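Keep in mind that this is a model prediction, so the values were computed, not measured.
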Amino acid sequence: MKSIIQLQQLFSSIFNTTQQPRIFFSPGRINLIGEHTDYNGGHVFPAAINMGTYALAAKRSDNKLNMYSANFPDEGIIDCDLANLAYHEHHRWANFPKGMFHYLMNAGYEIRTGADILFYGDIPNSAGLSSSASLELATGTVFEGLYNKKIDRLEMVKIGQKVENEYIGVNSGIMDQFAVGMGKKNHAILLNCDTMQYYYAPLPLDGYNFIIIHTNKARTLAGSKYNERRLQCENALQDLQSNLNIDSLADLTTDTYEANKHLIRDPIYRKRAKHVVYENARTLQALEKLKQHDLKAFGQLMKESHISLRDDYEVTGKELDTIVEAAWEQSGVIGARMTGAGFGGCAIAIVKTSQKEQFQQQVQQIYQERTELDATFYTVTMHDGAKEITKGVKA
């Protein structure tokens, strides 16, 4: 973990400047429940976390955009001209900030000069904690702050999703960018992905911690079966629309689904639709349980969510299942499930603070024995959305 002072020194060294950069922070996110419902018009329940992406930036006098990642130092400075922000495969991670500059400028936010930007993320790579959305919204806040532009936060969130969908080519929903851009300290967000209506839900965690457990099984979203699952859901929806006036799978109640599931001809598509409908219902139930300060019932919904993702949506895999099932067996655990798109990445658990060390030791032992991999554990808190933090940083 690099300190802000180290990053400031690195900025001066890399870009050979005495100019003091402005500093921005964009969180990562976990999703507490409501997985693979976002692109099906349903509800999700994410929260921004205190791990994320730092961006140090200063304006240039020319049209060059110079970008450097302290996470990939061997790649050096990646540069381009503001007049040519086309996607290039060899620019790898830098395509995300390039895409943000491209679409913000296309949206009418004119800028006359480029920038030097140093990025540093403390989100584990390929963990499924929305490192790409964090990078996108970090860039958005850099753009807004550095060039003194007032950008509606929801517009910035949607531009981040547009970068993901159209520039990078991943058909992801709005959840990641929304959570990263709209997060609130000590709260989760119930979001209706169809209407963009949202509700901040306080998290009553007295005596408990959220622990992220990284499988250290890398996941690559664009190359995974994510797009395949989305297509399967679209096919299931088309079958249902032959007899039902619905716009999305999330329009269905569980009872309506059960009465009409025979319309879905392919049994695989039927399983995918079942997960979406029941998961959407669980997400709404989860809000009610948190309002009642019933963490135990919330934890049971987390467990049901993972089982559905394992059996009906089939996006977990050996590593995630091993960690989650080991977590269920431990005392002091209220609930555990995979989080993110799946196919590797991370799980989350709600664990009694006094039993945290024992929990980590026992889950680690089981995981090593069954997979020959080491898990990594992170205790996280809920954080505000992406913002400038320059004034809060001590020199």
Check: With distance as the sole criterion, is a donor-acceptor pair present between the side chains of E388 and T141 under 3.5 Å?
Finding: no

Check: Do we see a donor-acceptor contact under 3.5 Å between the side chains of D116 and N66?
Finding: yes

Margin query: Please determine whether a side-chain nitrogen of the Lys or Arg among E325 and R310 lies less than 4.0 Å from a carboxylate oxygen of the Asp or Glu.
Written below: yes

Margin query: With a sphere of 6.0 Å drawn around NZ of K149, does it hold more than 12 non-hydrogen atoms of other residues, nucleotides or ligands?
Written below: yes

Check: Does the distance from a Lys or Arg side-chain N to an Asp or Glu carboxylate O, for K64 and D62, drop under 4.0 Å?
Finding: no

Margin query: Check for me whether K2 meets the cation-pi criterion with Y54, that is, NZ or CZ under 6.0 Å from the six-membered ring centre and within 45 degrees of the ring axis.
Written below: no

Note to self: Between L295 and I212, is there shared hydrophobic-cluster membership here, with clusters defined by ILVMFWY side-chain heavy atoms closer than 4.5 Å?
What the structure shows: yes

Note to self: Can a donor-acceptor pair be found, under 3.5 Å and without considering hydrogens, that links the side chain of Q364 to the backbone of A375?
What the structure shows: yes

Next item on the list: Give me the ring orientation class for Y198 and Y200: parallel if the planes are under 30° apart, tilted from 30 to 60°, perpendicular past 60°.
Entry: perpendicular

Check: Any idea how H36 and H275 line up, ring-wise: parallel (<30°), tilted (30 to 60°), or perpendicular (>60°)?
Finding: perpendicular

Next item on the list: Without swapping roles, check the side chain of N260 against the backbone of Y257 for a donor-acceptor pair under 3.5 Å.
Entry: no

Notebook entry, point to check: With a 4.0 Å cut-off, would you call R272 and E314 a salt bridge?
Noted result: yes

Notebook entry, point to check: Hey, would you say the Y226 and Y39 ring centroids sit under 6.0 Å apart?
Noted result: yes

Check: In Å and rounded to the nearest 0.5 Å, what is the CG to OG1 distance from L320 to T322?
Finding: 9.0 Å

Note to self: Please check this pair: side chain of R229 against backbone of Y313, looking for a donor-acceptor N/O pair closer than 3.5 Å.
What the structure shows: yes

Next item on the list: Could you tell me whether a side-chain N or O of N209 sits under 3.5 Å from a main-chain N or O of V351, the two making a donor and an acceptor?
Entry: no

Notebook entry, point to check: Would a distance-only check, ignoring hydrogens and angles, find a side-chain to backbone donor-acceptor pair under 3.5 Å from D251 to S248?
Noted result: yes

Next item on the list: Using only heavy-atom distances, determine whether the side chains of R29 and S130 contain a donor-acceptor pair under 3.5 Å.
Entry: yes

Item checked: Donor-acceptor contact present, side-chain K217 to main-chain F343, <3.5 Å -> no

Item checked: N192 (side chain) donor-acceptor with Q197 (main chain) under 3.5 angstrom -> no

Next item on the list: Using only heavy-atom distances, determine whether the side chains of E155 and Y109 contain a donor-acceptor pair under 3.5 Å.
Entry: yes

Margin query: Please check if the number of heavy atoms outside E372 that lie under 6.0 Å from its CD is greater than 12.
Written below: no

Note to self: Check whether S26 reaches the backbone of A386 with its side chain - one donor and one acceptor, N or O, closer than 3.5 Å.
What the structure shows: no

Next item on the list: Anything under 30° is parallel, anything over 60° is perpendicular, the rest tilted; go ahead and classify Y167 against H102.
Entry: tilted

Item checked: No-hydrogen, no-angle side-chain donor-acceptor test under 3.5 Å, R282 and S305 -> no

Check: For the side chain to side chain donor-acceptor pair (under 3.5 Å) test, which of Q355, Q362, Q358 pairs with S331?
Finding: Q355

Next item on the list: Taking atom CG of D152 as the centre, report whether more than 12 heavy atoms of other residues, nucleotides or ligands fall under 6.0 Å from it.
Entry: yes

Item checked: Steps toward side chain to side chain contact (heavy atoms under 4.5 Å, CB included) verdict (F11, L7) -> CA-CA 6 Å; F11 182 93; L7 293 175; over 6 Å; no

Next item on the list: Go through the side-chain N and O atoms of H306 and D321 and say whether any donor and acceptor fall under 3.5 Å apart.
Entry: yes

Check: Quick one: do the Y87 and E166 side chains pair a donor with an acceptor below 3.5 Å?
Finding: no

Margin query: Looking at T113, is its backbone amide N or carbonyl O close enough to the side chain of R60 to form a donor-acceptor pair, meaning the two atoms are under 3.5 Å apart?
Written below: no

